[in-house]
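Working notes for the structure below.
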Amino acid sequence: GIDCSGDSRTCCREEFFVDFKEIGWEDWIIQPEGYHMNYCAGLCPLHMAGIPGLASSFHTAVLNLIKANNADAAVDSCCVPTQRRPLSLLYYDRDSNIVKTDIPDMIVDACGCT
Amino acid sequence: AAKAVWCPACGLAALTPTTRRDVLVALAKQSILSKLHLPDRPNITQPTSRGALLTALRRIHAQQPVGTAPSPGLPHPGVGEQEYEILSFAETGSSTSRSVHLDFHFTRELAGSTEILQATLYLFWAVPSPGMHPITIRFVHPDPTGGTTPEGGGETRLEVQRDGWATLDVGQTIQNLFKQGGQRLSVELEVMEEQGSPLLAVHNDSHRPFVAARARARTPHRVQRR
């Protein structure tokens, strides 16, 4: 995946950090101090469909076949997360118990065109 | 609009930086709360003291050193299955010279949507004289009228020999409690003799009794191959 830079217009990963102290959540979330959420932004021209990240996927192959065989069925390519990882949280629940869990697929690590 | 259907993030580019930030923060909040099955952020009125938390974490790590495999027989989490580790500290109820009452509260979200993989009750005892000291432990389930039924949760015996932490497996007890829709585990500890009996440390913050549990989000349609 590509990280967004100042003049980049094609599909890339934009970093976005939510500071738990800034949103007033530091009293119930013990760790970490914030959430590296990140998101995908940018353009996906048709010729970029399926790259990077999803080039070898079954879905990409099917979409490319549909596009090649039937122009009417062609869909726009879209900039989406292609790689994500869990967010580990240590927090107080409503009964002041301490809970640790890994929430799957919360942090966007890489983006690509569908 | 047609493009936005396909690309959820496309609309963000059209927003001003301040609005975009507000939208993303709101999305982050909503996402965390929904994944934790919380309707709203918890309001913490009585946070656990740092001393109690550190002691509990040290105890758990002392029993399960870093790098050790999970206990035999414990199922491994599958792909996408969310696991929870829960530390619940006791609230002390009525006590006499021979008995102590402890309460552990679990949230409705956890009790209703998770299955217990493992749970251990940790108790710190101070023993005044050497030898074996038997202790009776009763698990009491609340009944619908608000009272308690000692028969509901079972009874077990613990032998305390020296000062320090004693542990007891309470996995099945908590699982049964959750199955019955309960959220509160009540424990009654009774010593046999009044003189020379071990004392349970309940008021010392770093020796506060606690339950350490591992739970897994219950999947509604799990298929098992026989």
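Below, chain A is the first sequence line, B the second, and so on; all start at residue 1. Since we're looking at a predicted model, the values are computed, not measured.
When B/Arg41, B/His105, B/Lys35 are compared by the number of non-hydrogen pairs under 4.5 Å with chain A, B/Arg41 comes out ahead. Heavy-atom pairs under 4.5 Å with chain A were tallied for B/Thr45, B/Leu53, B/Asn43; the largest tally goes to B/Leu53. Ranked by non-hydrogen atom pairs under 4.5 Å with chain B, the options A/Asp105, A/Asp95, A/Leu87 are led by A/Asp95. The candidate with the highest count of non-hydrogen atom pairs below 4.5 Å against chain B, out of A/Ile30, A/Val18, A/Thr101, is A/Thr101.
Scanning both residues, A/Ser96 and B/Ile44, for their nearest heavy atoms gives OG-CG2, 4.3 Å. A pairwise comparison of heavy atoms in B/Pro47 and A/Tyr92 identifies CB-OH, 3.8 Å as the closest pair. Of all the heavy atoms in B/Thr107 and A/Arg94, the pair that sits closest is CG2-N, 3.6 Å.
Shown here is A/Glu33, whose CD atom has no more than 12 heavy atoms of other residues, nucleotides or ligands within 6.0 Å.
Under 4.0 Å is where a charged nitrogen must lie from a carboxylate oxygen, and between A/Glu22 and B/Arg21 at least one such pair does.
Looking at A/Leu90, there are no atoms closer than 4.5 Å to chain B (heavy atoms on both sides), in backbone or side chain. Only the side chain of A/Tyr35 comes within contact range of chain B, with at least one heavy atom under 4.5 Å from a heavy atom of that chain. For a residue to count as touching a neighbouring chain, one of its non-hydrogen atoms must lie under 4.5 Å from one of that chain's; by this rule B/Phe106 touches chain A with backbone and side chain alike. When heavy atoms are compared at a cutoff of 4.5 Å, B/Ile32 approaches chain A by way of both its backbone and its side chain. Both the backbone and the side chain of A/Asp27 come within less than 4.5 Å of a heavy atom in chain B.
Atom CE of residue A/Met37 and atom CG of residue B/Leu27 lie 4.0 Å apart, to the nearest 0.5 angstrom. Atom CG of B/Leu24 and atom CD of A/Glu14 lie 9.5 Å apart (nearest 0.5 Å).
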Exercise for review: Let me see the working for A/Phe16 and B/Val25 under side chain to side chain contact (heavy atoms under 4.5 Å, CB included), right down to the final yes or no.
Suggested key: CA-CA 9 Å; A/Phe16 185 74; B/Val25 167; 3.9 Å; yes
Exercise for review: List the steps and the verdict of side chain to side chain contact (heavy atoms under 4.5 Å, CB included) for B/Phe104 and A/Asn97.
Suggested key: CA-CA 9 Å; B/Phe104 299 90; A/Asn97 295 325; over 6 Å; no
Review point. Should B/Leu36 and A/Tyr91 be marked as a side chain to side chain contact (heavy atoms under 4.5 Å, CB included) after you check the CA-CA gap, both sets of side-chain angles, and the distance that decides it?
Key: CA-CA 10 Å; B/Leu36 296 179; A/Tyr91 66 97; 3.7 Å; yes
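Looking at heavy atoms from C-beta onward, B/Glu83 lies out of side-chain contact with A/Asp102 at the 4.5 angstrom threshold.
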